[in-house]
Amino acid sequence: QVQLVESGGGLVQAGGSLRLSCAASGSIGSINAMGWYRQAPGKQREFIATFTIRDTTDYADSVKGRFTISRDNAKNTVFLQMNSLKPEDTAVYYCAAEALVSGSPYHFWGQGTQVTVSS
């Protein structure tokens, strides 16, 4: 089983920056991909960015050019650098991992970290 521990959320003014961190533990070798999602109150959880084991990245249109996903393999940690933050970026941000369990893919989630952007 995979456990994900997130940090880095907080309060920031519009135009500011934050960096989120997600440290993975457990069955690290089974992870195929890691990424970030967010969810605002009353809304569906939204894909933000992903970083696959093949070292490719993908981003939602709403964050392209502003957010960057990266990782430190030695520390089993993935980051989300968020620049030029807007009030509409306010949400709970979740780290996610896809891992193989008995040969089948499962998705694991972090506890979430609140990001609040003031106008």
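These values consider heavy atoms only, across backbone and side chains, with no hydrogens, waters or symmetry-generated copies.
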Between Thr116 and Gln114, is the side chain to side chain contact (heavy atoms under 4.5 Å, CB included) condition met? List the steps. CA-CA 6 Å; Thr116 302; Gln114 177 71 46; 3.3 Å; yes
Under 4.5 Å between side-chain heavy atoms, hopping through other hydrophobics if needed: is there a path connecting Ile28 to Phe108? yes
Check for me, please, whether Val12 and Ile48 land in the same ILVMFWY cluster - side-chain distances under 4.5 Å, paths through other members count.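 Linked within one cluster.
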With side chains defined as the heavy atoms from C-beta onward, is the minimum distance between Cys95 and Val78 less than 4.5 Å? yes
Not counting sequence neighbours, which residues clear side-chain hydrogen bond (donor to acceptor under 3.5 Å, both in side chains) with [X]? List them please.
X     : value
Asn76 : none
Glu88 : none
Asn83 : Ser17, Gln81

In Val63, Val117, Thr90, the residue satisfying side-chain contact (heavy atoms from CB on, under 4.5 Å) with Leu85 is Val117
Stepwise, does the side chain to side chain contact (heavy atoms under 4.5 Å, CB included) test hold for Leu20 with Glu6? CA-CA 7 Å; Leu20 307 183; Glu6 305 170 26; over 6 Å; no
Value rounded to 0.5 Å, distance of [atom1] in [X] from [atom2] in [Y]:
X     : Y      : atom1 : atom2 : value
Asn32 : His107 : CG    : NE2   : 9.0 Å
Phe67 : Ser62  : CZ    : OG    : 7.5 Å
Arg71 : Thr77  : CZ    : OG1   : 12.0 Å
Lys86 : Ser119 : NZ    : OG    : 14.0 Å
Thr56 : Phe51  : OG1   : CZ    : 8.0 Å

If I compare all heavy atoms of [X] with all of [Y], which pair ends up nearest, and what's the gap?
X      : Y     : result
Ile69  : Tyr59 : N-OH, 2.9 Å
Gly112 : Val92 : CA-CG1, 3.8 Å
Ser27  : Val2  : O-CG2, 3.8 Å
Leu18  : Gly8  : CD2-O, 3.9 Å

Show me the side-chain donor-acceptor pairs of residues 33-40 shorter than 3.5 Å, one per line, residues at least two apart or across chains.
| unit_1 | atom_1 | unit_2 | atom_2 | d |
| --- | --- | --- | --- | --- |
| Arg38 | NE | Glu46 | OE1 | 3.0 |
| Arg38 | NH1 | Asp89 | OD1 | 2.9 |
| Arg38 | NH1 | Tyr93 | OH | 2.9 |
| Gln39 | OE1 | Arg45 | NE | 3.4 |
| Gln39 | OE1 | Arg45 | NH2 | 3.4 |
| Gln39 | NE2 | Lys43 | O | 2.9 |

Give the C-alpha distance, both sets of side-chain angles, the deciding distance and a yes or no for side chain to side chain contact (heavy atoms under 4.5 Å, CB included) between Phe79 and Thr68. CA-CA 8 Å; Phe79 306 95; Thr68 302; over 6 Å; no
Hydrophobic cluster mates of Leu11, side-chain heavy atoms under 4.5 angstrom, ILVMFWY only, any path? none
Could you name each residue pair satisfying disulfide bond (SG atoms under 2.5 Å apart) that touches residues 57-86, not counting sequence neighbours? none
